[in-house]
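Following: one structure in structure tokens, then a few remarks.
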2 protein chains.
Amino acid sequence: MVKLVDVAREAGTSVATVSRALNNNERVDPALAERVRAAAAKLGYRPNFVARNLRRQSTKLWLLIISDIEIAFFTSVARGVEDTALKHGYAVVLCNADEDDHKEARYVDLAVAEQAAGVIISPHSDHTHIERLIDAGIPVVLIDRGLDEPVDSVTADSRGGAQAATEHLLQQGWERPACITGPQSAQTAVQRRLGYEDALKSASIKTRRVVHRPFTIEGGRTATAGLLDRNRPPDSLFVANAALTLGVLQELQTRGLRPGTDIGLVCFDDAPWAPFIDPPISVVSQPAYRMGTQAAGLLVERISGGRDAPPRRIVLGTDLIVRSSSLHPAR
Amino acid sequence: MVKLVDVAREAGTSVATVSRALNNNERVDPALAERVRAAAAKLGYRPNFVARNLRRQSTKLWLLIISDIEIAFFTSVARGVEDTALKHGYAVVLCNADEDDHKEARYVDLAVAEQAAGVIISPHSDHTHIERLIDAGIPVVLIDRGLDEPVDSVTADSRGGAQAATEHLLQQGWERPACITGPQSAQTAVQRRLGYEDALKSASIKTRRVVHRPFTIEGGRTATAGLLDRNRPPDSLFVANAALTLGVLQELQTRGLRPGTDIGLVCFDDAPWAPFIDPPISVVSQPAYRMGTQAAGLLVERISGGRDAPPRRIVLGTDLIVRSSSLHPAR
DNA sequence: TCGAACTGAGCAATCGATTACACAGAACAT
DNA sequence: ATGTTCTGTGTAATCGATTGCTCAGTTCGA
């Protein structure tokens, strides 16, 4: 590897001058600077970030720790974060915590040890590890899931969206809805459940029919099976995420039940395939990409601006997209 | 931040001893080592990786550079890589090159600058930047897409899978297939096209009907529109990836054409939603997770074992999964 | 008993880039 | 002509952990 001292030798000057010339020409003779640049190019010099970071005690690297990379929502978020980061000269790397507390902790430690410039994280549960980041003075922005901590956050209005979705089912004429949501530990799962219950309350429906499961296809399948095997099974479902939805569809298919005909269905989180399912799925859509850009924006401000400005919580609205799966056959 | 010297002071010894005690006790008095560990724990010491990496000239970090994070195939690969990496003590971060040469170059530079222990990459095109990695002595494993370079690689048998898919269409009784594939620059796109053409050749069909597009929903849509607007439109489609497939479905829906009834359809790459589309999509499935674990295995061997062992190319088989979209109504 | 071999621990060099400080020479003021 | 300021460059300290080298003290064999 060619290093600063090699460039200095080639250009016939000192390492200090080379460093200055290559960085921002702060008072370096233009002719010399040009010679240095030429020498660096000739030798193919690439700065060693490890050394630079050690000296500067800072990096241009963000960690984006997401709770499950297989959820399409997060990949859109990631793209939003990345596009914004790039504009501000930061590189973003993704870490997949996989809904696993232990893995999340590992990545948080990585952020500290590598002295990341900032972290955007969708915390797995309330019992999270962001304290370590705060202790280490690393700016943090929460995404998708908020916490009680005084930290910047960007979330979608899960509760409102869930309520709207459930009200839509009721308006359609479905009478016995159920809710399939994620684990109790996930704030989004709880919020979506609460929104569902808000709608039931307004409609004076007493039976709750709520099932918590991991946010997975398998979770959706078993939850659906359990609900349909009850004595008084639900006639419609509000499902809290796209992975769960695939499991629901699988179980419905097995039983020969057709959404929109035999059972009403609305899901949280729009997926690119939702319009092509048989029948097309009605969904609550979240502005995933925009959540990413907003979170990145907050992080940039937090890093460069005031570190002790009061935390900001951005809540973005959701849209109900009615397709066919939620329509009642009688109407 | 508490550092080694603080721990040394607390434990009443020198930094050298603390370092040794905290690493692998190589000849440190057990009692002293215990005192050191206690001091470290009390002070909450976390090693500074930046400094460690600089000194050791090596890290425990892998970069996984994938060409598009929104493709579900890659997220499965990522999980495979990660699970294996973890077992061997490496941390993996994902970088999304987004089918963009420039972004890919940025991440390759990041790998060099951060002195990554290894890189797994699905190169955007032949004109790739892995030479820089090789020059820097960083072990590389290619995934999904191979190159002419003498580098380890793990790929799926795209050509064979495409051929099998196309032969299946022909056997079903479809007579005028077309192929919608990715950009010429992507090796997988070309291989799948070639497999398609192999099948046509065996069946003595002369008309090729091949369209190249970016691997996106929009690409699938416009390709389908273009094909159907021809004088003699195809009666069936072989589509080279899941994103393209969504675009195809969109256009077919617009025109009121139903796969398996009005037009035959087989797609490369199984997606979790494929069974639930109307009608369920026949696909060629790739062992994505296993590709990830295999690639990680190669990288581990390359790092620890011989750096100059001859490169290995692993090609994994694919499975044709017949659902309904490819069936001919006459049969 | 004496020297060789070994053990455990500390000193100081090292990784590569940045930057505080020093300093020579030019430009300028008096 | 002499002192002051400014410019551009070089020397050396620094970031924090690792590790080669050194050395005091101990063990062991002859």
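Keep in mind that the numbers below use all heavy atoms, side chains included, and drop hydrogens, waters and symmetry copies. What you see is a predicted model; the values in this text were computed from it and never measured. Naming convention: chains lettered A, B, ... in sequence-line order (proteins, then strands); numbering from 1 in each chain.
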List for me each residue that meets side chain to side chain contact (heavy atoms under 4.5 Å, CB included) alongside [X], sequence neighbours excluded, and say none if there are none.
{"X": "A:Ala111", "answer": "A:Leu63, A:Ala116, A:Val119, A:Leu133"}
{"X": "B:Ala11", "answer": "B:Thr13, B:Val36, B:Ala39"}
{"X": "A:Arg37", "answer": "A:Leu22, A:Asn25, A:Ala33, A:Glu34"}

Review point. Which residue, B:Thr13 or A:Val50, contacts DNA chain C at a nucleotide closer to its 5' end, judged by nearest heavy atom?
Key: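 Upstream on the strand: B:Thr13.
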Check your understanding: On DNA chain C, nearest-nucleotide positions of B:Gly12 versus A:Val2: which is more 5'?
Key -> B:Gly12
Grab the [atom1]-[atom2] distance between [X] and [N] for me, whole Å please.
{"X": "A:Arg35", "N": "D:dG8", "atom1": "CZ", "atom2": "C1'", "value": "13 Å"}
{"X": "A:Leu32", "N": "D:dT7", "atom1": "CG", "atom2": "P", "value": "17 Å"}
{"X": "B:Gln57", "N": "D:dA17", "atom1": "CD", "atom2": "C1'", "value": "12 Å"}
{"X": "B:Leu54", "N": "D:dT14", "atom1": "CG", "atom2": "C1'", "value": "12 Å"}

Review point. Judged by modelled atom types alone, do B:Asn96 and B:Tyr107 share a side-chain donor-acceptor pair under 3.5 Å?
Key: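 Checked: B:Asn96/B:Tyr107 side chains show no N/O donor-acceptor pair below 3.5 Å.
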Review point. For residues 45-104 of chain B, which residue pairs qualify under ring-ring contact (aromatic ring centres under 6.0 Å, His included), counting only residues two or more places apart or in two chains?
Key: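 Of all non-adjacent pairs touching residues 45-104 of chain B, those that pass ring-ring contact (aromatic ring centres under 6.0 Å, His included) are B:Trp62-B:Tyr90.
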Exercise for review: Quick one: which residue pairs count as a salt bridge (Lys or Arg N to Asp or Glu O under 4.0 Å) with a foot in residues 48-61 of chain B, not counting sequence neighbours?
Suggested key: none
Check your understanding: Do any pairs count as a salt bridge (Lys or Arg N to Asp or Glu O under 4.0 Å) and have a residue in residues 10-19 of chain A, sequence neighbours left out, and if so which ones?
Key ->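 Sorted result for residues 10-19 of chain A: A:Glu10-A:Lys42.
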Check your understanding: To the nearest 10 degrees, how far apart in direction are the end axes of the helix from C:dT1-D:dA30 to C:dT30-D:dA1, each fit to five base pairs?
Key -> 50°
Exercise for review: Could I get the full list of salt bridge (charged side-chain N to carboxylate O under 4.0 Å, His left out) partners for B:Arg9, not counting sequence neighbours?
Suggested key: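 If we apply the salt bridge (charged side-chain N to carboxylate O under 4.0 Å, His left out) test to B:Arg9, skipping adjacent residues, the hits are B:Asp6.
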Practice item. Extract, from 5' to 3' on DNA chain C, the first and final nucleotides lying under 4.0 angstrom from some heavy atom of chain B. Key: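 Both ends considered, the range comes out as C:dG8 to C:dG16.
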Mind listing the N/O atom pairs, protein and nucleotides 19-26 of chain D, below 3.5 Å?
none

Practice item. Please name all residues satisfying side-chain hydrogen bond (donor to acceptor under 3.5 Å, both in side chains) with B:Asp109, sequence neighbours left out, ordered by chain then number. Key: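 Counting only residues at least two positions away or on another chain, B:Asp109 forms a side-chain hydrogen bond (donor to acceptor under 3.5 Å, both in side chains) with A:Arg46, B:Arg132.
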Check your understanding: Sequence neighbours excluded, which residues qualify as side-chain hydrogen bond (donor to acceptor under 3.5 Å, both in side chains) partners of A:Ser67?
Key -> A:Ser122, A:Arg145
Check your understanding: Is the closest basic N to carboxylate O distance between A:Arg106 and A:Asp100 below 4.0 Å?
Key ->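 Looking at A:Arg106 and A:Asp100, the cut-off is not met.
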